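Quick notes on the structure that follows.
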Protein chains: 2
Amino acid sequence: MANIREVAKKAGVSVATVSRVLNHPHTVSSPTMELVLATMEKMQYTPNGLARSLALNRSSTIALLIPNILNPLYPQVAKGIEDVAHQKGYNILLCNTEEKQDKEQDYVEMLLEKRVDGIILTASQLKEKDIQKIKNQNIPLVLIGRNIENMEANMVFTDYYMGAYQMTQHLIEIGYREIAHITGLKCQEESKEKLRGYERAIQEAGISLKNNWIIEGDNEIEGGYLGAKKLLRLKEPPQAIFAANDLMAIGAIDAIKSNGLTIPGDIAIVGFDDIKMASLVEPKLTTISQPVYKMGLIAARLLFESIESKHNEEEFNQKIFLQPKLMVRKSCGHEDRVREIFN
Amino acid sequence: MANIREVAKKAGVSVATVSRVLNHPHTVSSPTMELVLATMEKMQYTPNGLARSLALNRSSTIALLIPNILNPLYPQVAKGIEDVAHQKGYNILLCNTEEKQDKEQDYVEMLLEKRVDGIILTASQLKEKDIQKIKNQNIPLVLIGRNIENMEANMVFTDYYMGAYQMTQHLIEIGYREIAHITGLKCQEESKEKLRGYERAIQEAGISLKNNWIIEGDNEIEGGYLGAKKLLRLKEPPQAIFAANDLMAIGAIDAIKSNGLTIPGDIAIVGFDDIKMASLVEPKLTTISQPVYKMGLIAARLLFESIESKHNEEEFNQKIFLQPKLMVRKSCGHEDRVREIFN
DNA sequence: CTGAAAGCGCTAACAA
DNA sequence: TTGTTAGCGCTTTCAG
């Protein structure tokens, strides 16, 4: 494959000139310019980006780590990020961590070697010291969906605590008292936040928490199915199940139906995320909506601010806190409940 | 950031030795080894992958181009690819082309400069000469979901023609004669194949093709919605709609329902792909299933075969042809129809 | 088992 | 406006 030297030789100019037509076209006379361009064309010259990156110390690549590409939430985030990255002329390295901390660490290691210009971590399970390692290497970083209290870093997240609190409260308002919670992976901050919100709402209502009504799920349909089955086998099964994400809620719906029970007649189900499927399933799922595409967009913008200001020695460490929104649909039996209560 | 020379100096060895402990550990004595390793650790040394790639002429990165990351089909493909790439120690550059040919070309350009070790194109809209350009650069390539008759390249695809033919035939068998088709983007080979399958089944049944029953969609929910609305406004609306993918079928379902009609009572809807949503919507969607995760897996394996054999001057140009499968669910009214016909 | 040095392809400072 | 050349950080050949 032709390189810059061969092009230069064939065009009868120096490599510097060839480099200039690529990088600073205005500093080169137009006859030379045309000559070089023509030569490149003729030789099918494709500049070697690796060499370029090495010389410039900039790879024009950012990395996105997500826990599960099969959860429709993350493609939305990815879309938001891609939209701004592509416009900036950057490529995205996609890393699917499968909710595994060690795979996530593994990837971070690779990314640091690849000298990516920035990293976006979504729902990261990394320990603070691992995250600190990224910061030590001085590579711009944005966390999505995770708030680390005492760390200087860009973060954009939804108020999971509040969302879960509101959801649980809503269930209580419409008359449920026996509410179970299928959590996400307990090792995730996000799951803990949601659990806290759930617990607070329960306790504020003077209901006592039951430990066997809190079940750890895996953030996937399967886990919701299993969790719901487990709850149904209990001597005192709950009247309502709050799943920490929509995928698990959908799994739970499946489980309940397969037991011959109706939703919300026999048992109510609610989720979290408001993925598209949520309004497609039968009954339509009551859930908490978070603006994921927008989160991706914002995260990417923050990242590029950091990247572009990197040489100015500035520091951008913003925490952007987005409010979730309760979407009341059919699966919680809202209308029936309200009717019962007020008539 | 520390580089190999600094590590070498501090450890009191040559850069060659440091390089060796990284790349050929067995060629270095164990005391030296330990010393160097300790020094690296102490200095927080992270090897520069760009320099490494430049020297080795290998980036350990492959690229995946998909038309729409928000279509759940593609994350499945991506998962299949990621599963094998990660195991091989490769990273994936994700390129979302938004079904736009120029964005796809754009990306290919960037990828060639980045010297990716291989490219996987899904549902590509590239012209043959653009694809040929990739092959000319001698970079391994796999096409997913597109069959180019006279080209030497690895391809894995579903038999779209057959799938569409079977689907249409099934509708005809259960008694429909007035069947419309919402196509994908007409510029995609895949869409053309499906259209051909539809047309053949219609004609074989002695039904005459109606041009205003063939509507171009955009492969997204929106397009299905619009297409169905348009069909409903016709003086003679069809009894059944075959959408070229599930997303459009779901949009069509929405459109029909919003017109106060029932499915399949008033009109039948069928799709193509069998994404998870298909069995979640009401009524559950009759569709054609293609093994997308597996396609990703196979494509990745083919790609790595090419990559690994590249230096052996071998050529791998396999065409892998997978059979789609008809999934009969509720939206086509199969049972009702069969009952009507045979009772 | 180890070191010196050439080379991967490009950019940019400096000189002309 | 253009050319010469010293890096960027690594791998590997060749010599010892």
Side-chain angles (χ1 to χ4, degrees), chain A residues 1-37 39-40 43-61 110 112-117 137-139 310-311, chain B residues 1-37 39-40 43-61 110 112-117 137-139 310-311:
Chain A
M1 204 177 304
N3 64 25
I4 201 174
R5 222 168 332 103
E6 301 175 44
V7 174
K9 185 188 288 181
K10 180 155 266 168
V13 298
S14 71
V15 293
T17 299
V18 178
S19 175
R20 281 188 196 102
V21 343
L22 253 17
N23 302 296
H24 314 282
H26 53 280
T27 69
V28 81
S29 76
S30 52
T32 319
M33 176 98 181
E34 280 168 37
L35 171 63
V36 172
L37 251 18
T39 315
M40 286 176 168
M43 303 181 72
Q44 295 222 53
Y45 170 66
T46 308
N48 186 322
L50 294 168
R52 181 161 208 274
S53 293
L54 180 60
L56 291 179
N57 192 28
R58 169 161 58 77
S59 63
S60 297
T61 302
M110 296 175 82
L112 294 178
E113 297 196 0
K114 291 240 159 102
R115 296 296 193 262
V116 294
D117 295 331
Q137 303 260 6
N138 199 29
I139 128 159
K310 204 174 159 186
H311 311 288
Chain B
M1 204 177 303
N3 64 24
I4 201 174
R5 221 169 331 103
E6 301 176 46
V7 173
K9 185 188 287 181
K10 180 155 265 167
V13 298
S14 71
V15 293
T17 299
V18 178
S19 176
R20 281 191 194 100
V21 344
L22 253 18
N23 301 296
H24 314 283
H26 53 280
T27 69
V28 77
S29 76
S30 54
T32 318
M33 176 99 180
E34 280 169 37
L35 170 64
V36 172
L37 252 18
T39 314
M40 286 174 168
M43 302 181 73
Q44 295 221 53
Y45 170 66
T46 308
N48 186 324
L50 294 170
R52 181 163 208 274
S53 292
L54 180 60
L56 291 179
N57 192 28
R58 168 161 58 77
S59 63
S60 297
T61 301
M110 295 175 81
L112 295 179
E113 295 196 0
K114 290 241 159 99
R115 295 297 194 263
V116 294
D117 295 332
Q137 303 261 3
N138 200 26
I139 129 158
K310 205 175 158 185
H311 311 287

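A quick note: this is a predicted structure, and the numbers were derived from the prediction, not measured. A note on names: the letters A, B, ... follow the listed sequences, proteins ahead of strands, and every chain is numbered from 1.
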- Check whether the side chains of B/Thr61 and B/Lys114 place a donor and an acceptor atom closer than 3.5 Å, and report yes or no. no
- Between A/Asn57 and A/Arg115, does any side-chain donor sit less than 3.5 Å from a side-chain acceptor? no
- Message: Let me test you: for the helix from C/dC1-D/dG16 to C/dA16-D/dT1, what is the angle between the axes at its two ends (five pairs each), rounded to 10 degrees?
- Response: 40°
- Message: Donor-acceptor check, side chain of A/Asp117 to backbone of A/Ser60, threshold 3.5 angstrom: yes or no?
- Response: yes
Atom-pair distance ([atom1] on [X]; [atom2] on [N]), nearest Å:
X: A/Met33; N: D/dT1; atom1: CE; atom2: P; answer: 12 Å
X: B/Asn57; N: C/dG9; atom1: CG; atom2: C1'; answer: 10 Å
X: B/Leu50; N: D/dT11; atom1: CG; atom2: P; answer: 12 Å
X: A/Arg5; N: D/dT5; atom1: CZ; atom2: C1'; answer: 13 Å
X: B/Leu35; N: C/dT2; atom1: CG; atom2: C1'; answer: 13 Å
X: A/Met43; N: C/dG9; atom1: CE; atom2: P; answer: 12 Å
X: A/Leu54; N: D/dT11; atom1: CG; atom2: C1'; answer: 13 Å
X: A/Glu6; N: C/dC8; atom1: CD; atom2: C1'; answer: 13 Å

Distance below 4.0 Å between [X] side-chain N/O and [N] OP1 or OP2:
X: A/Asn3; N: C/dG9; value: yes
X: A/Thr17; N: D/dG3; value: yes
X: B/Ser53; N: C/dC8; value: no

How far apart are the closest heavy atoms of [X] and [Y], and which atoms are they?
X: A/Leu54; Y: B/Ala51; result: CD1-CB, 3.8 Å
X: B/Val36; Y: B/Val21; result: CG1-CG1, 3.6 Å
X: B/Val116; Y: B/Ser59; result: CA-OG, 3.5 Å

- Between CD of B/Gln137 and CD of B/Glu113, what distance do you get to the nearest 0.5 Å? 9.5 Å
Scan the side chains in residues 6-14 of chain B for donor-acceptor partners under 3.5 Å anywhere in the protein, sequence neighbours excluded, and list what turns up.
residue	atom	partner	partner atom	Å
B/Ser14	OG	B/Ala16	N	3.4
B/Ser14	OG	B/Thr17	N	3.3
B/Ser14	OG	B/Thr17	OG1	3.3

- Item | Flag side-chain contact, heavy atom, 4.5 Å: A/Tyr45 against A/Leu37 | no
Could I get a table of every N or O pair under 3.5 Å where one atom is in the protein and the other is in nucleotides 11-13 of chain C?
residue	atom	partner	partner atom	Å
C/dT11	OP1	A/Asn23	OD1	3.2
C/dT11	OP1	A/Asn23	ND2	2.8
C/dT11	OP1	A/Arg52	NE	2.8
C/dT11	OP2	A/Ser19	OG	2.7
C/dT11	OP2	A/Asn23	ND2	3.3
C/dA12	OP2	A/His24	NE2	3.1

